[in-house]
Amino acid sequence: MNKNIRWYRSLYLGEEARRKKNIGKKLEGGMHPRLYLLALPSNRANVLDILPQPVLSQTHYQKLPVYVVGVAWTKREAMELAGKLVMEAYKATGTTDMAAYLGDDFLESPEFSDGRLYREWNLSSARITK
């Protein structure tokens, strides 16, 4: 996979992606056309980029840093996950500035400590400020 990818420490993972066996190995190598990555926007017109995993092997993406914040198994799941993430950011900050909301807690490889790759989606864990 692309060596310029940086992975959000509290990586968001869609329900279907969470159920897949060996999702870590799927992320690290090979081409998986149903695997989608949510990344910080590559331009100011976007809120998040939704990228099919095989796209990252293209020359264009080999030269640019890509900051992955979420993983989904299908395009539909990627869009739903992106919507949830944007709503969470908006509730917490009043804006959809994902970079400001998530900060700069990125790693060179996905973190698999204690067998967990994703952040649970529930209201009690959401970072909501009053």
Side-chain angles (χ1 to χ4, degrees):
M1 182 163 286
N2 184 330
K3 292 180 180 18
N4 289 328
I5 293 179
R6 298 296 177 260
W7 301 89
Y8 187 56
R9 184 179 302 271
S10 298
L11 192 63
Y12 292 85
L13 196 63
E15 292 292 327
E16 289 182 55
R18 186 179 305 152
R19 288 193 294 262
K20 293 294 176 190
K21 293 182 180 179
N22 302 320
I23 191 71
K25 290 182 182 182
K26 287 175 174 47
L27 290 172
E28 292 171 355
M31 296 287 196
H32 301 281
R34 294 190 66 187
L35 188 62
Y36 286 81
L37 304 178
L38 279 65
L40 291 181
S42 56
N43 63 59
R44 290 183 287 177
N46 297 351
V47 176
L48 283 172
D49 290 343
I50 298 176
L51 306 168
Q53 184 257 353
V55 166
L56 296 175
S57 64
Q58 294 176 357
T59 306
H60 172 73
Y61 287 103
Q62 296 290 330
K63 297 176 184 177
L64 300 172
V66 177
Y67 295 91
V68 176
V69 298
V71 177
W73 190 247
T74 63
K75 187 174 183 177
R76 180 183 179 135
E77 182 175 67
M79 291 186 293
E80 290 172 356
L81 187 60
K84 288 178 182 179
L85 182 54
V86 170
M87 287 303 299
E88 181 181 296
Y90 187 76
K91 286 179 183 177
T93 65
T95 72
T96 58
D97 183 351
M98 300 310 296
Y101 173 65
L102 296 171
D104 61 356
D105 197 10
F106 288 87
L107 308 168
E108 289 188 18
S109 61
E111 190 171 80
F112 295 100
S113 62
D114 75 356
R116 297 180 69 116
L117 173 65
Y118 58 91
R119 183 164 159 235
E120 291 289 340
W121 277 106
N122 61 48
L123 294 176
S124 64
S125 69
R127 293 173 281 192
I128 298 175
T129 59
K130 302 277 181 200

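Residue numbers start at 1 and run along the sequence shown. Heavy-atom basis, side chains included; hydrogens, waters and symmetry copies ignored.
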Enquirer: Check whether Gln53 reaches the backbone of Pro33 with its side chain - one donor and one acceptor, N or O, closer than 3.5 Å.
Expert: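 No; zero donor-acceptor contacts below 3.5 Å.
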Enquirer: Write down the atom of Leu38, the atom of Leu48, and the distance for their closest heavy-atom approach.
Expert: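 Result for this residue pair: CD2-CD1, 4.2 Å.
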Enquirer: For Phe106, enumerate each residue passing the ring-ring contact (aromatic ring centres under 6.0 Å, His included) test, keeping only those at least two apart in sequence or located in another chain.
Expert: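 Checked Phe106 against ring-ring contact (aromatic ring centres under 6.0 Å, His included); matches are Tyr8, Tyr67.
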Enquirer: On a heavy-atom basis, which atom in Thr74 and which in Tyr36 lie closest, and how many Å separate them?
Expert: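 So the two residues come closest at C-CD1, 3.5 Å.
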Enquirer: Grab the two heavy atoms, one from Leu35 and one from Pro54, that are nearest each other, plus how far apart they are.
Expert: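 Heavy atoms only, the tightest pair is O-CD, 4.5 Å.
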Enquirer: Do Arg76 and Glu80 meet the salt-bridge criterion of a basic N to acidic O distance under 4.0 Å?
Expert: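 So Glu80 pairs with Arg76 through a salt bridge.
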Enquirer: If I take atom CG from residue Leu107 and atom CD1 from residue Ile5, how far apart are they, to the nearest 0.5 angstrom?
Expert: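 It is 13.0 Å, given to the nearest 0.5 Å.
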Enquirer: NZ/Lys63 to CD/Gln58 distance, rounded to the nearest 0.5 angstrom?
Expert: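 Output value for this atom pair is 12.0 Å.
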Enquirer: If you draw a 6.0 Å radius around CG in Asp105, do more than 12 non-hydrogen atoms from other residues or ligands fall strictly inside?
Expert: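 Enclosed.
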Enquirer: For Leu51 and Tyr61, which heavy atoms make the closest approach, and how far apart are they?
Expert: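 Looks like CD2-OH, 3.5 Å.
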Enquirer: If you round to the nearest 0.5 Å, how far is CG of Leu102 from CZ of Arg9?
Expert: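 Those atoms lie 13.5 Å apart.
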Enquirer: Looking only at non-hydrogen atoms, find the nearest pair between Val68 and Leu11 and report the distance.
Expert: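 Reported closest heavy-atom pair: O-CD1, 3.9 Å.
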Enquirer: Does the pair Val47 and Tyr90 meet the rule for a side chain to side chain contact (heavy atoms under 4.5 Å, CB included), with working shown?
Expert: CA-CA 11 Å; Val47 176; Tyr90 187 76; over 6 Å; no
Enquirer: Whether the side chain of Glu77 engages the backbone of Glu16 through a donor-acceptor N/O pair (distance < 3.5 Å, no angle test) should be reported.
Expert: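 Yes, the answer is positive, given that a donor and an acceptor are paired below the 3.5 Å cut-off.
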Enquirer: Grab the two heavy atoms, one from Asn4 and one from Leu64, that are nearest each other, plus how far apart they are.
Expert: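 Nearest pair, atom of Asn4 first, then Leu64: CB-O, 3.2 Å.
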Enquirer: Is it true that Glu15 and Arg18 make a salt bridge, defined as a side-chain N closer than 4.0 Å to a carboxylate O?
Expert: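 A salt bridge is present here (some side-chain N lies under 4.0 Å from a carboxylate O).
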Enquirer: Roughly how far, to the nearest 0.5 Å, is CE of Met98 from CG of Leu85?
Expert: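 The CE atom of Met98 is 3.5 Å from CG of Leu85, to the nearest 0.5 Å.
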Enquirer: With rounding to the nearest 0.5 Å, note down the distance linking OG1 in Thr96 to CD in Glu88.
Expert: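 Going from the OG1 atom of Thr96 to the CD atom of Glu88 covers 13.5 Å.
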Enquirer: Among all residues two or more places apart in sequence or in another chain, which pass the side-chain hydrogen bond (donor to acceptor under 3.5 Å, both in side chains) test with Asn46?
Expert: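 Expected list: Asp49.
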